[in-house]
A.B. asks: 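Below: one structure in C-alpha cells.
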Amino acid sequence: MRTSQLLIPTLREDPGEAEVVSHRLMLRAGLIRKVAAGVYTYLPLGLRVIRKIERIIREEMDRSGGQELLMPIASPAELWRETGRWDFYGKELFRVKDRHERDFCLGPTHEEVITDLIRRDVRSYRQLPLNCYQIQTKFRDELRPRFGLMRGREFIMKDAYSFDRDEEGAKLSYQKMYDAYQRIFTRCGLTFRAVEADTGLIGGSSSHEFMVLAEVGEETIVYDEEGTYAANVERAEALPPAETSTETPRPLRKVPTPGARTVEEVTVCLKTTPLRLVKTLLYKTPSEALAVLVRGDHEVNETKVKKLLGLADLTLADAETVAALTGAPIGFAGPIGLRTTRIIADHAVKGLRNVVVGGNQADTHYVDANLDRDFSVSQFADLRTARAGDPSPRGGGPLRTARGIEVGHVFMLGTKYSKAMGATFLDPQGRERLAVMGCYGIGVGRTAAAAIEQHHDAKGIIWPAPIAPFHLHLLSLSQSAEVSKAARALYESLIQSGVEVLWDDRDERAGVKFNDADLIGAPYQVLIGDKGLAQGTVELKERKTGEVKRLPPGELPQHARTLLPQEIRAT
RNA sequence: CGGGGCGUGGCUCAGCUUGGUAGAGCGACUGGUUUGGGACCAGUAGGUCGCAGGUUCAAAUCCUGCCGCCCCGACCA
C-alpha cells in the first residue's frame, strides 16, 4: 500500500498521556487513538497488526481442533444470575439496561453464553468433545484502565471453551490448548513463560497464565532457576519454615509501646526483629470479621485467604471495626483477647515461641506470647505471599521474582458452569452427565503491546516479522523521475512476489521518511535514491540491526522473500 | 473510593500567582528555494481558553459546582 493513501498519522512529539513504551509508540506510530479512557480506535496500521495476531491464533486454534463461532457482546442478566456472577463479578461488569429496564451486560467473558448454547444443542456423548472459540470485543469496567491497549475497558480477546465427557478428556483438551498457546506466542516473537495462576473471577480447579516477561508487566511472577516451578505471586506456594523454635516459653508480659504501630516501629521500640513478631490483620468479609496472623516479616496474601474461605470479597477492616474488635486504634491488634472467634494463621506462625503481638489496647504490646497457652488459632494454612529467596515449593533453588504481562490464561473449569446451568449430556449408558469444561483466553491487543515492549529501540518499534503491519517499507528518497519510476516498478514486483510492502511515496524529505519508517518498525526497509540508482543499486536495510545491503533492484524481490519467515513465504 | 496533577488552535505547551484586545514551536494550506536522517524564506487559515453558574465595569486568569483525562495510593495494624 502507499503511504500517500493510508491514514498513518505519526506524531513527532511524545503524547503527554502515554507513560509506557508500547502505549507511546502505538500513539506515535499512528496505530491507535484514544476515544475514552481505556477505549481506543485501531487505525489501519494498528488493525493490520491485530489481524496478523488473530490470524496466527486462528491457525493454531483450528489446528488444535477448535472451531470458530461468534457470540454476542450483549447478554441478558438472567444467564449471569444462573451462575451467581451477576453479583459475584462486581463493578467490573459493564451493565446496561434496555428500554424495558431489563438488565444486560456487555460480556467480559462468555462462559454463561456458551454454556447456555451447549446445554440446548449438545445432548449426546457422541457430540463431545467440543472446543468452540471466538475472537470478540470484550468489556470490563476496569478499576483503572491504563497503558493503552495493555489494560483497556474495551478490548479484543480470543476466548475458547472446551466441553468434554469426563475429567480425562478435559485434561487432554487443556493440554492441547496449552500447547497451542506455546506455539501462538512463539510465532508472535515473544519471550514468555507459562506460570501457575490463580483462577480469580473465572473459577475452576487450576490454571496457567502465559506471561510475557517485561519490566512494565502488571503481574509479579516467582520462579526457581531449575525451571521446576513458576507461578503468579498471587498463587505461589510458600512452604512452612523448616525449623521450629525450641525455646522454653517465658511468662507473658504486657509492655508499653507508645506510638509503635507498624512492625518497623515495634521492633525498634522493643529492640527485637520482625521474625519474632506476629502481625494480626483484621478483615471484613460479607459475613464476619476475621483475624489473619502472619510472621512480622511476611505479607498476607489476600488471594489465598479468599480462596481458603471461599470469599469473593475481602477488605481490611476500617478503624471503626478495628476499635470494636480490639478496643484500640489501628496498630495494636493482637490475638490475645480479641473479640472474634475466627483467627486463622499462616504456617510460619506455628513454630514460633515467645513472640511479640499487639496488646488490643492503645500503645501496648505483649511480649513472650505463646500459641495455645495465650491464644488459639482455628486454622493454619499457607496464607502469606511468597517472595524472592524463599525455597522453591518443588524443591529447587531459591525463588526469584520477575514482572510479566499476562497475554494468555488457560483454565480447567471442571463442572462449575455446567452444573450451575445444567449443561448435561447422555453417556453411552443413557445416564445424564455434566460436561467437563475448560476455558482459554488470549488478549489480542495486549499481545501487540507486549511485543512492542520486547521489541523497540529509541527510534521506534521493531516488529517481529510475523506480526508486522508490513514486511517491508519502501522509501523513495527523492521526487526525481528516475527514483519514482524505479520505486514504482519495485513496488509492483514486490507485491507480485507476495511481499507486503508499504511504499512511502509522499513528497517528503528523506529525513522525514527515515524517521517515520523507523517509528513504524517494518522489519526491513528498502531505500531508493538517486545516488544508488546511478550505480544501479538500491539499499536493503534491516530495521533491527541497521545493516545495509546494496543490490540491483531486479534482485530485490527474490532476496526479500528469503528474509521472510517460512510461514510467510509459504503464503 | 482517597490524594495529587492537568484540561488554552490538529500536536507539545506558555500565559493564570498580580483580572484589562489569546501566544509560541511543531503541523496544515499557498508560492518560491531546497532535497540521503524530522529544511529555509514569504504569506494564509485555524481557538465559545472542558462545561455551567457566580464575583467584577471587565474573567483563560478569582470563587463554586460538574464533566473529562493522567498519575499515585487503596490501609500489612
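Computation of the quantities below employed the complete heavy-atom set of this structure, encompassing side-chain atoms and omitting hydrogens, waters and symmetry-equivalent molecules.
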A.B. asks: Would you indicate what A:G529 reaches in the nucleic acid, counting non-hydrogen atoms under 4.0 angstrom: base, sugar-phosphate, or nothing?
C.D. replies: base
A.B. asks: Please measure how far the P atom in B:C6 lies from the corresponding atom in B:G47, and state the result in whole Å.
C.D. replies: 26 Å
A.B. asks: Under 4.0 angstrom, heavy atoms only, what part of the nucleic acid is A:G532 near: base, sugar-phosphate, or nothing?
C.D. replies: base
A.B. asks: Measure the distance from CE on A:M150 to P on B:C70 and round it to the nearest whole Å.
C.D. replies: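 Answer to the nearest Å: 15 Å.
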A.B. asks: Can you tell me how far P of B:C75 sits from CG of A:L314, to the nearest Å?
C.D. replies: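 Atom-to-atom, A:L314 to B:C75, this comes out as 11 Å.
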A.B. asks: The side chain of A:D518 is closest to which nucleotide in this list: B:U35, B:C76, B:G37?
C.D. replies: B:G37
A.B. asks: Mind checking who B:A45 pairs with, Watson-Crick or G-U wobble, both distances under 3.5 Å?
C.D. replies: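 Paired with no nucleotide.
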A.B. asks: If you assign each of A:V278 and A:G16 to its closest nucleotide in RNA chain B, which residue comes earlier from the 5' end?
C.D. replies: A:G16
A.B. asks: With a 4.0 Å cut-off on heavy atoms, is A:K34 in touch with a base, just the backbone sugar-phosphate, or nothing at all?
C.D. replies: sugar-phosphate
A.B. asks: Below 4.0 angstrom from OP1 or OP2 of B:G27, is there any side-chain N or O of A:R12?
C.D. replies: yes
A.B. asks: Is B:G19 paired to anything, Watson-Crick or G-U wobble with both distances less than 3.5 Å, and if yes, which nucleotide?
C.D. replies: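 Per the H-bond distance test, none.
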A.B. asks: What is the nucleic acid contact for A:R261, judged by heavy atoms within less than 4.0 Å: base, sugar-phosphate only, or nothing?
C.D. replies: sugar-phosphate
A.B. asks: Strictly by Watson-Crick or wobble contacts shorter than 3.5 Å, is anything paired with B:G7, and which nucleotide is it?
C.D. replies: B:C67
A.B. asks: Grab the CD-C1' distance between A:E302 and B:A74 for me, whole Å please.
C.D. replies: 10 Å
A.B. asks: Rounded to whole Å, please give me the gap between CZ in A:R28 and C1' in B:C26.
C.D. replies: 13 Å
A.B. asks: Choosing from B:A28, B:G37, B:C71, which nucleotide comes nearest the side chain of A:R146?
C.D. replies: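 Nearest listed nucleotide: B:C71.
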A.B. asks: Look at the side chain of A:E17 against the base of B:G7 and say whether a donor-acceptor pair falls under 3.5 Å; ignore hydrogens and angles.
C.D. replies: no
A.B. asks: Can we say A:D198 and A:K307 salt-bridge, meaning some charged N sits less than 4.0 Å from an Asp/Glu carboxylate O?
C.D. replies: yes
A.B. asks: For the side chain of A:E13, starting at C-beta, report the closest nucleotide among B:C76, B:C11, B:G37.
C.D. replies: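 For the A:E13 side chain, the nearest candidate turns out to be B:C11.
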A.B. asks: Any base atoms under 4.0 Å from A:D14, or only sugar-phosphate, or nothing? Heavy atoms, all strands.
C.D. replies: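 If one applies the 4.0 Å heavy-atom cut-off, A:D14 turns out to touch the sugar-phosphate alone, with no base involved.
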A.B. asks: If you check every side-chain atom of A:K531, which of B:C71, B:G36, B:G37 has the closest atom?
C.D. replies: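 Comparing B:C71, B:G36, B:G37 against the side chain of A:K531, the answer is B:G36.
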A.B. asks: Report the distance from atom CD of A:E508 to atom P of B:A28, rounded to the nearest whole Å.
C.D. replies: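 Between P of B:A28 and CD of A:E508: 7 Å.
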A.B. asks: Which base sits across from B:G2 as a Watson-Crick or G-U pair, both distances under 3.5 Å?
C.D. replies: B:C72
A.B. asks: Can you classify the ring geometry of A:Y89 versus A:W80 as parallel (below 30°), tilted (30 to 60°) or perpendicular (above 60°)?
C.D. replies: perpendicular
A.B. asks: Does the side chain of A:V538 come within less than 4.5 Å of A:R550's, by heavy atoms?
C.D. replies: no
A.B. asks: Specify the separation, in whole Å, of atom CG of A:L281 and atom C1' of B:C76.
C.D. replies: 4 Å
A.B. asks: Partner lookup for B:U56, please. Criteria are Watson-Crick or G-U wobble with both distances under 3.5 angstrom; report none if nothing qualifies.
C.D. replies: none
A.B. asks: Is there a donor and acceptor pair closer than 3.5 Å between the side chain of A:D530 and the base of B:G36?
C.D. replies: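 Side chain to base: no pair present.
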A.B. asks: Determine the contact category for A:V263: base if any of its heavy atoms lies under 4.0 Å from a base atom, sugar-phosphate if only primed atoms, P, OP1 or OP2 are that close, otherwise nothing.
C.D. replies: sugar-phosphate
A.B. asks: Please work out if A:A319 contacts a base, only the sugar-phosphate, or nothing of the nucleic acid, heavy-atom cut-off 4.0 Å.
C.D. replies: nothing
A.B. asks: Could you check which of B:C71, B:G36, B:G38 has an atom nearest any side-chain atom of A:N515?
C.D. replies: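 Minimum distance to the A:N515 side chain belongs to B:G38.
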A.B. asks: Just to be sure I understand the rule, does A:L475 reach a base, reach only the sugar-phosphate, or reach nothing, if contact means heavy atoms closer than 4.0 Å?
C.D. replies: nothing
A.B. asks: Looking at B:U12, B:A74, B:C69, which one has an atom nearest to any side-chain atom of A:L143?
C.D. replies: B:A74
A.B. asks: Taking the six-membered ring for Trp and the single ring otherwise, decide whether the centroids of A:Y524 and A:H473 are under 6.0 Å apart.
C.D. replies: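 Judged by ring-centre distance (under 6.0 Å), A:Y524 and A:H473 do not meet the cut-off.
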A.B. asks: Is a donor from one side chain sitting under 3.5 angstrom from an acceptor on the other, for A:H456 and A:E453?
C.D. replies: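 Their side chains do not contain a donor-acceptor pair, so the 3.5 Å distance test is not met.
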A.B. asks: Would you say the side-chain atoms of A:T285 and A:E288 include a donor-acceptor pair closer than 3.5 Å?
C.D. replies: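 The answer is no; no qualifying pair exists.
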A.B. asks: Under 3.5 Å for both donor-acceptor distances, Watson-Crick or wobble: does B:U33 have a partner, and if so which one?
C.D. replies: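 The answer is B:A39, by the H-bond criterion.
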A.B. asks: With heavy atoms under 4.0 Å as the rule, sort A:R33 into base, sugar-phosphate or nothing.
C.D. replies: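 The answer is nothing, as A:R33 stays clear of every strand by at least 4.0 Å.
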A.B. asks: Side chain of A:K459, heavy atoms from C-beta onward: which of B:G37, B:C76, B:C70 has the nearest atom to it?
C.D. replies: B:G37
A.B. asks: Tell me the interatomic distance from A:L325, atom CG, to B:C75, atom P, rounded to whole angstroms.
C.D. replies: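 Rounded to the whole Å, the gap is 18 Å.
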A.B. asks: Could you state the CD-C1' distance from A:E265 to B:C76, rounded to the nearest angstrom?
C.D. replies: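 In whole Å, B:C76 C1' lies 13 Å from A:E265 CD.
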A.B. asks: Of all the choices, B:G36, B:C69, B:G38, which nucleotide is nearest to the side chain of A:L477 once you look at every atom?
C.D. replies: B:G36
A.B. asks: NA contact type, A:E539, heavy-atom cut-off 4.0 Å: base, sugar-phosphate, or nothing?
C.D. replies: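 Base contact.
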A.B. asks: On RNA chain B, check which nucleotide each of A:T262 and A:L519 is closest to and give me the residue with the more 5' one.
C.D. replies: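 The residue closer to the strand's 5' end, by nearest nucleotide, is A:L519.
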A.B. asks: Quick one: does A:L43's side chain get under 4.5 Å of A:L31's, heavy atoms only?
C.D. replies: no
A.B. asks: Could you please name the partner base of B:U61, counting Watson-Crick and G-U wobble pairs only when both distances are under 3.5 Å?
C.D. replies: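 Pairing partner: none.
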A.B. asks: Is A:R140 salt-bridged to A:E92, cutoff N-O under 4.0 Å?
C.D. replies: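 Looking at A:R140 and A:E92, the cut-off is not met.
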A.B. asks: In whole Å, what separates the C1' atom of B:U34 from that of B:G38?
C.D. replies: 15 Å
